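Note that the numbering runs from 1 along the sequence shown for the chain. Keep in mind that what you see is a predicted model, and the values were worked out from it rather than measured.
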Amino acid sequence: MVDVRTPASSRQARTRAQTTFPSTSVEKRLADFGDHKRAIVVYCRSGHRSGQAKAILDKNGFTDVTDGGAFKDMLPRDGASRTQV
């Protein structure tokens, strides 16, 4: 999971993302994503930046990228805990 929220948004709600950096730096940090066949899920505060990040990764040959959308949408709706978030 890759958190592409702004630093301010990231401070509002912490996650256990494996990687955290703003969507504005995705293109500059493509090498940090490693294997182009690796499964990647990007998310942000509203879903807008994650869509942009996915488009950049797709354009640069990453083949298994999922737009996780908004951080709040990844949270369980029934009150159960979720270990991945």
Nearest atoms (heavy-atom pairs only) where Ala53 meets Val26
CB-CG2, 4.0 Å
From CD1 (Ile56) to NZ (Lys28), nearest 0.5 Å
10.5 Å
With sequence neighbours left out, the residues meeting side-chain contact (heavy atoms from CB on, under 4.5 Å) with Lys59 are Glu27
Evaluate the side-chain proximity of Phe62 to Leu30: yes if any heavy-atom separation is below 4.5 Å, no if none is.
yes
For Lys37 against Asp64, the heavy-atom pair lying closest together:
O-CB, 3.9 Å
Rounded to the nearest 0.5 Å, what separates atom OG1 in Thr63 from atom CD1 in Ile40?
8.5 Å
Working to the nearest 0.5 angstrom, can you tell me the gap between Ser23 OG and His48 NE2?
8.0 Å
List the residues meeting side-chain contact (heavy atoms from CB on, under 4.5 Å) with Thr24, not counting sequence neighbours, and say none if there are none.
Pro22
Arg49 CZ to Asp67 CG distance, which is reported to the nearest 0.5 Å
13.0 Å
At their closest point, which heavy atom of Ser50 faces which heavy atom of Gly47, and how far apart are they?
OG-O, 3.0 Å
Using 30° and 60° as the class boundaries, would you call the ring planes of Phe21 and Phe33 parallel, tilted or perpendicular?
perpendicular
Do Arg5 and Asp3 meet the salt-bridge criterion of a basic N to acidic O distance under 4.0 Å?
yes
Answer yes or no: does atom NE2 of His36 have more than 12 heavy-atom neighbours from other residues, nucleotides or ligands under 6.0 Å?
yes
Does a salt bridge link Arg29 with Asp32, judged by any charged N lying under 4.0 Å from a carboxylate O?
yes
